[in-house]
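Here's the structure we're looking at; comments come further down.
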Amino acid sequence: MGDQLSALTTVFTEFYYWVTVVIMFLIHVGFCMYEVGASRRRNHLHTLMKNTMLIPLVTITFFFFGWWIYWAFPNGPLITGPLLTEAAAPNAPISETMGTNLSDRITGVFWAAFLLFSWTAASIVSGSVIERIRSGAFWIIAVMIGSVTWIIDAAWGWHPNGWMVQLLGYHDAYASGVIHAIAGGTALGVLVVLGPRLGRFRADGTAREFVPHNPWLVTIGLFLIYTGFWGFYAACNVPIISPETIGGQITGTTWTATTIYLTPTTLGAITVNFLMSLSGGLMVGYLVSKGNPFWTYSGGLAGIITASAGNDLYHPVQAMVIGGVGTFIAYKMHYWVENRFKVDDAVGAVAVHGYAGFAGLVIAGFMLWGYPSSPFEGYAAVNPLGNTIGAIIMFFVLGFIPAWIVSKILDGFGLLRVPRQVELMGLDFRTLHEEEQARQDVREAEKALA
Amino acid sequence: MTTWAVDLANVGAVYPWVGLELIMVLVGVALWILWHIVQIRQENAELDEDTRLYGNKEAIRKALDDHPV
């Protein structure tokens, strides 16, 4: 912190990201409430603990290797250059800047902002696999997406110098692909191997509806996810930076907010577009589901997710319409895949995050066709082909395929799914049984005292 | 650190055991892997026991009646 202006900028930026981390914590609270509300009573505790324990596991592994990957992998490696070991060194777990360090006050806050994205990616998968996956298997998959695959995609497509940005003109400002499409693809990869919950499909192949046991918990959970999403959006921005610091083609001395690509945007733009895409999603979600609360709320989320790739630049009406289009696609795709392939996605995560995120990337490629993807010279401009290839990389290459492989391995060792009897009894059977015994014990004791 | 009577501009890492980061990280990684091993063993044992003790048709039907949704 040399002069007062740079000290103030550092302190402001540090506090800005710190606040986003606190707000983003609500995403996880929301996911936990949503999942528990959607599960049946005999699976509550298992559902809650499955999602809760990804927090420490993704956190420590993101410290051990996830954060380093982001800084080391922007070139592929070997696509546009080598492994960036020098750039990654200050972010390695053995670096002195990762501990309490009076000459570096901000690395830890950046780390935490990215970590909260990691939790979100893993938590998206968590909801879709409830009521039959083993906790231990899920936590291995959570570490895979939270500390390996999503952060590789971030290095490739969500870093100012990522090879996808350079060569494809990939543009995904608020993570339609780098968080949502990959998480949806990962969930689908696991679900294909895991199989549906017992009783989910009738003998003739039609689906039975597993009604959420507590719609209030589900909807409040989704409200909290919306709330946390504000922090997510803010965290995707650089709040204030000078053209000189960017070092690209921007001229003049006007400081600006930027996306993670260091392309200019404003906090006002993303605030309005967030709300307009939420609104478009809610309106279409309500209509297409004929007022179903679950799909209306999920539609709001799908709306934001679809527009997120380009919400740094869209007009508000564009954000609203794109949000609505994405919600329609997500809803229709969910039921088509469910009926065609018998995929049991308990919370619609593949649709809301995966299909909507995928669609959002493709749409952004068309809408922002010709826009510069970067302030630096020589980068490809945003284009439909680049963003579509990007969507395929996010959903299939880094999402579906690794999840399918890891799930197959876990399944091969008999570690993926709980035994059939336990699934029928309920995953909380032991706890509920012990609790009932404890109550019985107290009742007997009290009767003896009467 | 033994004193704060310093110019903070010249101070870097202040946590205990500066220089032993690699060892600390290796210990952390080992504890993480160990946690997974222990957890999976515990889960396997619990699921096996539940299946053995309560996995009969009658117990499952009772559980479904007690906690239907």
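Residue numbers start from 1 in every chain, and the chains themselves are labelled A, B, ... in the order their sequence lines are given, proteins ahead of strands.
Inspection of non-hydrogen atoms places B/His36, B/Gln39, B/Ile40, B/Glu43 of residues 36-43 of chain B under 4.5 Å from chain A.
Residue A/Thr97 does not touch chain B at all, counting heavy-atom pairs closer than 4.5 Å. With a 4.5 Å cut-off on non-hydrogen atoms, A/Leu415 touches chain B through its side chain but not through its backbone. For A/Ile60, the part lying under 4.5 angstrom from a heavy atom of chain B is the side chain only. Only the side chain of A/Phe65 comes within contact range of chain B, judged by heavy atoms closer than 4.5 Å. With a 4.5 Å cut-off on non-hydrogen atoms, B/Val18 touches chain A through its side chain but not through its backbone.
The side chain to side chain donor-acceptor pair (under 3.5 Å) search around A/Lys408 returns none, not counting sequence neighbours. A/Arg439 meets the side chain to side chain contact (heavy atoms under 4.5 Å, CB included) test with A/Glu435, A/Glu436, A/Arg443; sequence neighbours excluded.
Counting heavy atoms from C-beta outward, B/Tyr54 and A/Arg430 have side chains that stay 4.5 Å or more apart. With a 4.5 Å cut-off on side-chain heavy atoms, A/Asn101 and B/Val14 do not count as touching. At least one side-chain heavy atom of A/Arg42 sits under 4.5 Å from a side-chain heavy atom of B/Leu64.
For A/Glu434, the CD atom is densely surrounded, since the number of other residues' heavy atoms within 6.0 Å is greater than 12. Crowding of B/Glu58 atom CD: a count of heavy atoms from other residues, nucleotides or ligands under 6.0 Å not exceeding 12. Annotation for A/Arg208: atom CZ counts as buried by contact number, over 12 foreign heavy atoms lying within 6.0 Å.
Shown here for A/Glu96 and B/Ala13, the closest heavy-atom pair between the two residues is OE1-CB, 3.7 Å. The two residues B/Tyr15 and A/Ser95 have their closest heavy-atom pair at OH-O, 4.4 Å. Scanning all heavy atoms of the two residues, the minimum distance from B/Gly12 to A/Ser103 falls at CA-OG, 3.9 Å.
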Going by atom type alone, with no hydrogens or angles, which donor-acceptor pairs under 3.5 Å involve a side-chain atom of residues 130-144 of chain A and a protein atom two or more places apart or on another chain?
| from | atom 1 | to | atom 2 | distance (Å) |
| --- | --- | --- | --- | --- |
| A/Glu131 | OE1 | A/Arg40 | NE | 3.3 |
| A/Glu131 | OE1 | A/Arg40 | NH2 | 3.1 |
| A/Glu131 | OE1 | A/Arg197 | NH1 | 2.7 |
| A/Glu131 | OE2 | A/Arg40 | N | 2.6 |
| A/Glu131 | OE2 | A/Arg40 | NE | 3.2 |
| A/Glu131 | OE2 | A/Asn43 | ND2 | 2.9 |
| A/Arg132 | NE | A/Gly195 | O | 3.2 |
| A/Arg132 | NH1 | A/Ser128 | O | 3.2 |
| A/Arg132 | NH1 | A/Ile130 | O | 3.0 |
| A/Arg132 | NH2 | A/Gly195 | O | 3.2 |
| A/Arg132 | NH2 | A/Asp344 | O | 2.8 |
| A/Arg134 | NE | A/Arg417 | O | 3.1 |
| A/Arg134 | NH1 | B/Asn44 | OD1 | 2.5 |
| A/Arg134 | NH2 | A/Gly414 | O | 3.3 |
| A/Ser135 | OG | A/His46 | NE2 | 3.0 |
| A/Trp139 | NE1 | A/Lys50 | O | 2.8 |

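For B/Trp32 and A/Phe63, the gap between ring centers reaches or exceeds 6.0 Å.
Between the OG1 atom of A/Thr61 and the CD1 atom of B/Ile33 there is a distance of 11.0 Å, given to the nearest 0.5 Å.
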